[in-house]
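Working notes, structure below.
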2 protein chains.
Amino acid sequence: MRAVVEPPQRVPARTVLIREGEPLNRSTLLSEGLMGRFKDMRDGERQISQLHISGDFLDLHSFTLKSIDHGVVALTDCQTSWASHAALEELTAEHPHLGRLLWMTTNLDAAMHRAWEVSLGRRDGLSRTAHLLCELHVRLGVVGMAEEDGYPLPLIQVDLAECLGLTAVHMNRVLRELRERRLVTFRSGRVQIHDLAGLRWAAEFTPGYLFLDKKPR
Amino acid sequence: MRAVVEPPQRVPARTVLIREGEPLNRSTLLSEGLMGRFKDMRDGERQISQLHISGDFLDLHSFTLKSIDHGVVALTDCQTSWASHAALEELTAEHPHLGRLLWMTTNLDAAMHRAWEVSLGRRDGLSRTAHLLCELHVRLGVVGMAEEDGYPLPLIQVDLAECLGLTAVHMNRVLRELRERRLVTFRSGRVQIHDLAGLRWAAEFTPGYLFLDKKPR
DNA sequence: CGTACTATTGAGTCCGTTCAAACGGGGTGG
DNA sequence: CCACCCCGTTTGAACGGACTCAATAGTACG
């Protein structure tokens, strides 16, 4: 893999890295920071459909689709490297197993999308927020960026609201309730988990959809 | 492809074909009927995260993930055939281009998931319903199962509600309003489009995410 | 020390839910 | 052939979660 990846580049927070509809002949690997895939609505509202953390391929699906149906924005200062589709094509031709591994990571993306759909469709604000915080706890844990009782999360409440299909105002009230119920506190860029079992119960969270046993690390 | 696919089988309506967590060593192709991927909640509510139509691979992602994080249910009488993962592995090894094509179809699934997330997160019931009906219009059109002004859709209102994160009661009211606004009528298993442009406007629908120019048909 | 975000809180409104009941059509058994 | 029943649809009324609008605190930074 290393052979096909170009040197890393810095991306300042709040930069839109990729715009909707843009044709792409390369895929980008996120090595540091948080990014989000989003779509903006007519009325100015934004829905983030996925959060990416260190180690994620941002737009590997463009390897087969050659363009992208949504924007990608850096939510914090980030570091990225890219690999051209041509290089990936060579690489996967030579190492079919690696190709399936990359394919798998895009399938993991889809699994997370499905979990978010369930949240957005059937959970209320509290449970939905709890679910996202549980997911990030596990995902960041896999890459050594979370402890048992919490993790850094340098986002603002608006970012979370845009992930969760809520308004910023309501996001604030939900976070207050999670705090008051002594489940979890999100404050100054950190998630502090008070009661992991309780949080997971409230979220109806089961990590099966993250396929942890198969995560290539 | 034909060489690796086993003979078709009938699946009666309302059968759960695959249960959550089930290990899989084969993938299923849907040749007739409508199926849905779903997750059931503690309280008995169900969220359908994707609808599948004729020609879709139901669980191609299990080729790389080897199990499945959600159930699959037949919403109508269906016909399916399956291909073992071993056979697919051989096939894609021999024809790398075909492998990328299959990879692409899973990426299309993810793109549809993202579009649904946007709907569930940021559109109200009316617009969300309109969006689903637009999506199906296009997708069924690609396989020759829709006309300009409508298409058969043998679902009940509860099914739509489960796709859209609504209750059956509210689904009914939304459908009434779509009818009264002379946008679209869903009745006795058929979607009749009165005003396609108006419907798409209400849904804020753009078919870009379906990558029609790349659809392998 | 101002300026611009970000977070927080209150009051009123609305979309969607819950609970409940009635309606309609198609199948089935007497 | 009709009575009945089941399933799906439709409608009403009351409730509640989330939104809108608006104002006030913090907080970071130049």
Side-chain angles (χ1 to χ4, degrees), chain A residues 12-15 34 41-47 73-77 119-132 153-181 184-192 202-203, chain B residues 12-14 34 41-47 75-77 119-132 152-181 184-192 202-203:
Chain A
R14 306 296 150 182
T15 310
L34 287 168
M41 313 298 291
R42 258 201 309 253
D43 64 3
E45 301 211 335
R46 171 173 291 188
Q47 178 66 35
V73 61
L75 299 173
T76 67
D77 287 332
S119 261
L120 289 164
R122 294 293 167 199
R123 286 189 249 261
D124 64 14
L126 191 95
S127 169
R128 205 186 301 169
T129 305
H131 196 275
L132 176 60
L153 186 68
L155 297 180
I156 61 177
Q157 295 185 358
V158 174
D159 295 329
L160 290 181
E162 288 176 350
C163 292
L164 294 166
L166 301 174
T167 58
V169 171
H170 196 59
M171 188 73 257
N172 181 276
R173 293 191 230 267
V174 166
L175 288 171
R176 168 152 58 96
E177 182 160 0
L178 283 169
R179 208 184 311 131
E180 284 169 358
R181 288 202 197 177
V184 63
T185 298
F186 171 65
R187 185 161 273 169
S188 47
R190 185 175 166 80
V191 173
Q192 192 66 36
Chain B
R14 304 296 150 184
L34 286 168
M41 313 298 291
R42 256 198 314 252
D43 64 3
E45 302 211 333
R46 173 173 289 189
Q47 178 65 36
L75 299 173
T76 67
D77 288 331
S119 261
L120 289 164
R122 294 293 168 201
R123 287 189 248 260
D124 65 15
L126 191 96
S127 168
R128 205 186 300 168
T129 306
H131 196 275
L132 176 60
L153 186 68
L155 296 180
I156 61 177
Q157 295 184 359
V158 174
D159 295 327
L160 291 181
E162 288 177 349
C163 291
L164 295 167
L166 302 174
T167 58
V169 171
H170 196 59
M171 187 74 257
N172 181 276
R173 293 192 230 266
V174 166
L175 289 171
R176 168 154 56 97
E177 181 159 1
L178 283 168
R179 208 183 312 131
E180 285 170 358
R181 288 203 197 176
V184 64
T185 298
F186 171 65
R187 185 162 274 170
S188 47
R190 185 175 166 81
V191 173
Q192 192 65 37

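Note on naming: letters A, B, ... go to the chains in the order of the sequence lines (proteins, then strands), and numbering restarts at 1 for each one.
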- Pair M171(B)-V158(B), side chain to side chain contact (heavy atoms under 4.5 Å, CB included): steps then yes or no: CA-CA 8 Å; M171(B) 187 74 257; V158(B) 174; over 6 Å; no

- Message: Between P on dT6(C) and CG on L75(A), what's the gap in Å once rounded to a whole number?
- Response: 12 Å

Tell me, do [X] and [Y] make a side-chain contact under 4.5 Å, heavy atoms counted?
| X | Y | result |
| --- | --- | --- |
| T129(A) | V184(A) | no |
| H131(A) | R128(A) | no |
| Q192(A) | R179(A) | no |
| S119(A) | L132(A) | no |

- Item | Lys/Arg-Asp/Glu bridge criterion (N-O < 4.0 Å) met for R123(B), D43(A) | no

Polar pairs (N or O, both sides) under 3.5 Å between protein and nucleotides 26-30 of chain D?
none

- Verdict with reasoning, R42(A) to R122(B), per side chain to side chain contact (heavy atoms under 4.5 Å, CB included): CA-CA 11 Å; R42(A) 258 201 309 253; R122(B) 294 293 168 201; over 6 Å; no

- Note on the structure: B/S/- along nucleotides 6-25 of chain D (protein heavy atoms under 4.0 Å) is --SSBBBB----BSBB----

- Item | Value rounded to 0.5 Å, distance of CD1 in I156(A) from OG1 in T76(A) | 12.0 Å

